[in-house]
Student: 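Could you have a look at this structure, given as structure tokens, before my questions?
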Amino acid sequence: MKIIKVKLFILINLVLLLLACQKDKNLGQINSVQGIINPSELGFSLTHEHIMSNFGKDINETSNYDSIKLQNQVIPYLKKIKSLGVSSIFDCTTDFFGRRVDLLKKISDSTGVQIITNTGFYGAAKDRYIPELAYKESSESISKIWIDEFKNGINGTKIKPGFIKLAFDDSAPSVIDKKLFEAGILAHLATGLTIAVHTGNNIEAMKFQIDLLDKYNVDASAWIWTHAHKVEDNNILFNSAAKGAWISLDGVKESNTIEYIERVKLFKQKNLLSKVLLSHDGNGLPKGGPTRKFEAISKNLIPAMLENGFTKDDINQIFLKNPLEAFCIRIRKK
């Protein structure tokens, strides 16, 4: 019964959001694997999941999937996720560790879930998924690869990325980390794609990113701090959010429901709920293994939030308005 009520108010608030978006001519478009979608069509969104990935395999094997197993496992699961009220999923599997936009398109067509893919290179995992060309080319040259995917499509398809995905290792930012992030800024300035960066609790990497955004006169709202839930000092997150950055708390599980409720309450108390993104970092087919689920938000977190002082407007803010604002394509200069 709780899930039915949650789905009902999501639908009601979505209608209200559609009407608001129709009035706002400044909102940009969003690219899904099915093509351009209007912001008003985005709906309830999970902003950091993996439809599938081969993270952990060698870089030369990450694009290879058992397509039959993939479809038999992922399609029924995404249909279940859609039945829980989810309209859109932002897929964070990058090129060189499992991105396959042709398969994402088939899955989206079969499930009705809007999937937004990315451009960019993944610089965490001790650089094992950075292609050799990135070390040889300049940041400008790398950015042109991502800009080309935005303008002309990925891997010979008409599918275009909806955001830029990058990543930093846990140590001090390396030369290649810095180069890739600079390329991401250049690509943003040419395309308007938001830059989502695996940063975790690497405060030094966070400061570098903020400083480089400032250097290029790019507003912090062009940047998503992913895996920010790993940071213990909430004041650091509050300060970044106050500057305009998006704070992605993307490790939701059934087992940490209360922990997330208490943390998000703090953002609400600071009037920063409008800068929070929530997701699971789930995976529909992790290296061919069983699904790492991404349903706890719908089944556990939202009902618990409503029982612990959050309003329907709060839920609407986090899961409808914030993803829409964070990912709408537009160049965000200061």
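Side-chain atoms are counted along with the backbone in the values below, which use heavy atoms only and exclude waters and symmetry mates.
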Student: With no hydrogens and no angle check, is any side-chain donor or acceptor of Q209 less than 3.5 Å from a backbone partner on A205?
Tutor: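 Yes, because the side chain of Q209 sits within donor-acceptor range (under 3.5 Å) of the backbone of A205.
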Student: So which atom in A187 and which in I164 form the shortest heavy-atom distance, rounded to 0.1 Å?
Tutor: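 Of all heavy-atom pairs spanning A187 and I164, the closest is CB-CD1, 3.8 Å.
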Student: Any salt bridge (charged side-chain N to carboxylate O under 4.0 Å, His left out) involving residues 46-70? Give me the pairs, sequence neighbours left out, ordered by first then second residue.
Tutor: none
Student: Treating R100 as the side-chain partner and S63 as the backbone partner, does any N or O pair qualify as donor plus acceptor under 3.5 Å?
Tutor: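 Yes, the answer is positive, given that a donor and an acceptor are paired below the 3.5 Å cut-off.
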Student: With a sphere of 6.0 Å drawn around CD of E140, does it hold more than 12 non-hydrogen atoms of other residues, nucleotides or ligands?
Tutor: yes
Student: Could you name each residue pair satisfying salt bridge (charged side-chain N to carboxylate O under 4.0 Å, His left out) that touches residues 277-294, not counting sequence neighbours?
Tutor: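 Residue pairs passing salt bridge (charged side-chain N to carboxylate O under 4.0 Å, His left out), neighbours aside: D281-R292.
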Student: Could you label the plane-to-plane angle of the F238 and F267 rings as parallel, tilted or perpendicular, counting under 30° as parallel and over 60° as perpendicular?
Tutor: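 Taking F267 first and then F238, their aromatic rings stand perpendicular (interplane angle over 60°).
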Student: Under 3.5 Å, is there a donor-acceptor pair linking the side chains of D313 and T311?
Tutor: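 Not at all, the side chains of D313 and T311 share no donor-acceptor pair under 3.5 Å.
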Student: Say you draw a straight line from OG of S53 to NE2 of H50; how long is it, rounded to the nearest 0.5 Å?
Tutor: 6.0 Å
Student: Membership question, hydrophobic clusters at under 4.5 Å side-chain separation (ILVMFWY): are I130 and L186 in the same one?
Tutor: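 They do share one cluster, since a chain of ILVMFWY contacts under 4.5 Å joins L186 to I130.
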Student: So which heavy atom on T194 is nearest to which on C328, and how close?
Tutor: OG1-O, 4.4 Å
Student: Taking the side chain as everything from C-beta on, heavy atoms only, tell me whether I297 gets closer than 4.5 Å to F44.
Tutor: yes
Student: When you measure from the side chain of R128 to the backbone N and O of G56, does any donor-acceptor pair fall under 3.5 Å?
Tutor: yes
Student: Less than 4.5 Å apart, any side-chain heavy atom of I331 and any of H188?
Tutor: yes
Student: So does Y135 get a backbone contact from the side chain of K179, meaning a donor-acceptor N/O pair under 3.5 Å?
Tutor: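 Flag set: sc K179 to bb Y135 pair under 3.5 Å.
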Student: Run the numbers on L78 and I115 for side-chain contact (heavy atoms from CB on, under 4.5 Å), then give the verdict.
Tutor: CA-CA 11 Å; L78 282 199; I115 299 173; 4.2 Å; yes
Student: Is the Y122 to F96 ring centre distance short of 6.0 Å?
Tutor: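 Not under 6.0 Å, so no.
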Student: Does Y216 use its side chain to pair, donor to acceptor, with the backbone of E182 at less than 3.5 Å?
Tutor: no
Student: State the CH2-CG distance between W225 and N201, to the nearest 0.5 angstrom.
Tutor: 8.5 Å
Student: When rounded to the nearest 0.5 angstrom, what is the spacing between OG in S32 and CD1 in I159?
Tutor: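 With rounding to 0.5 Å, OG (S32) is 9.0 Å from CD1 (I159).
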Student: Do F90 and L46 touch side chain to side chain, with heavy atoms closer than 4.5 Å?
Tutor: no
Student: Would you mind checking if K215 and D211 are paired as a salt bridge, meaning a charged N to carboxylate O distance below 4.0 Å?
Tutor: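 No, no charged N to carboxylate O under 4.0 Å.
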Student: Go through F150 and I329 one step at a time and tell me if the side-chain contact (heavy atoms from CB on, under 4.5 Å) criterion holds.
Tutor: CA-CA 11 Å; F150 173 79; I329 298 171; 4.0 Å; yes
Student: Would I318 and I258 show up in the same hydrophobic cluster when neighbours are defined by side-chain heavy atoms closer than 4.5 Å?
Tutor: yes
Student: Donor-acceptor pair, distance only, cut-off 3.5 Å: does the side chain of S171 make one with the backbone of D169?
Tutor: no
Student: What's the shortest heavy-atom distance between R332 and A326, and which atoms?
Tutor: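 In this case the closest contact between R332 and A326 is NH2-O, 3.0 Å.
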Student: Atom NZ of residue position K265 - does it have more than 12 heavy atoms of other residues, nucleotides or ligands inside 6.0 Å?
Tutor: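 Yes, because the 6.0 Å sphere around NZ of K265 holds more than 12 heavy atoms from other groups.
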Student: Determine whether L301 and F310 make a side-chain contact, defined as any pair of heavy atoms from C-beta on separated by less than 4.5 Å.
Tutor: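 No. Closest side-chain heavy atoms not under 4.5 Å.
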Student: Can you tell me how far CD1 of I116 sits from OG of S45, rounded to the nearest 0.5 angstrom?
Tutor: 6.5 Å
Student: Could you go through the side-chain contact (heavy atoms from CB on, under 4.5 Å) check for D109 and Q34 one step at a time?
Tutor: CA-CA 8 Å; D109 289 344; Q34 293 177 311; 3.0 Å; yes
Student: So with a 6.0 Å cut-off around NZ of K126, is the heavy-atom count from everything else above 12?
Tutor: no
Student: Between Q317 and S274, is there a side-chain heavy-atom distance shorter than 4.5 Å?
Tutor: yes
Student: Cut-off 3.5 Å, side chains only: do S174 and D177 have a donor facing an acceptor?
Tutor: yes
Student: Could you tell me the separation between the CD1 atom of I89 and the OG1 atom of T117, rounded to the nearest 0.5 Å?
Tutor: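 I89 CD1 to T117 OG1: 12.5 Å, rounded to 0.5 Å.
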Student: Do L277 and D250 have side chains that get closer than 4.5 Å, going by heavy atoms?
Tutor: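 The answer is no, as the side chains (C-beta and beyond) never meet within the 4.5 Å cut-off.
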Student: Hey, does I195 have a side-chain heavy atom less than 4.5 Å from the side chain of F163?
Tutor: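 With C-beta onward as the side chain, the pair stays apart.
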Student: Counting distance only, does the side-chain N/O of N31 pair as donor-acceptor with the main-chain N or O of I36 below 3.5 Å?
Tutor: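 Answer holds: no.
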Student: Check whether any side-chain N or O of N256 sits under 3.5 Å from a backbone N or O of K253 as a donor-acceptor pair, and report yes or no.
Tutor: yes
Student: Going by atom types alone, do Q73 and T291 pair a side-chain donor with an acceptor below 3.5 Å?
Tutor: yes
Student: Should the ring pair Y129 and F55 be called parallel, tilted or perpendicular, given that the plane angle runs from 0 to 90° and is split at 30 and 60?
Tutor: tilted
Student: Assess whether side-chain contact (heavy atoms from CB on, under 4.5 Å) is satisfied between T257 and V252, documenting all intermediate values.
Tutor: CA-CA 7 Å; T257 297; V252 177; 5.8 Å; no
Student: Any idea which heavy atoms bring R263 and N234 closest together, and the distance?
Tutor: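 In terms of heavy atoms, the two residues are closest at NE-OD1, 2.7 Å.
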Student: Within a strict 4.5 Å, meaning less than it, do heavy atoms of the P161 and W146 side chains meet?
Tutor: no
Student: Is it true that a side-chain atom of S141 and a backbone atom of E137 form a donor plus acceptor pair closer than 3.5 Å?
Tutor: no
Student: Keeping to residues at least two apart or across chains, list the salt bridge (charged side-chain N to carboxylate O under 4.0 Å, His left out) pairs with something in residues 141-154.
Tutor: R99-E149
Student: Other residues, nucleotides and ligands only: do more than 12 of their heavy atoms fall within 6.0 Å of NZ on K268?
Tutor: yes
Student: Which heavy atom of S298 sits nearest a heavy atom of P303, and at what distance?
Tutor: O-CD, 3.5 Å
Student: Donor-acceptor check, side chain of S108 to backbone of L104, threshold 3.5 angstrom: yes or no?
Tutor: no
Student: In terms of hydrophobic clusters joined by side-chain contacts under 4.5 Å, are I147 and F121 together?
Tutor: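 No.
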Student: How many angstroms lie between atom NZ of K165 and atom CG of D91, to the nearest 0.5 angstrom?
Tutor: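 It comes to 9.0 Å.
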Student: If you look at every heavy atom in N118 and I154, which pair is closest and at what distance?
Tutor: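 Distance-wise, the nearest heavy atoms are O-CD1, 4.0 Å.
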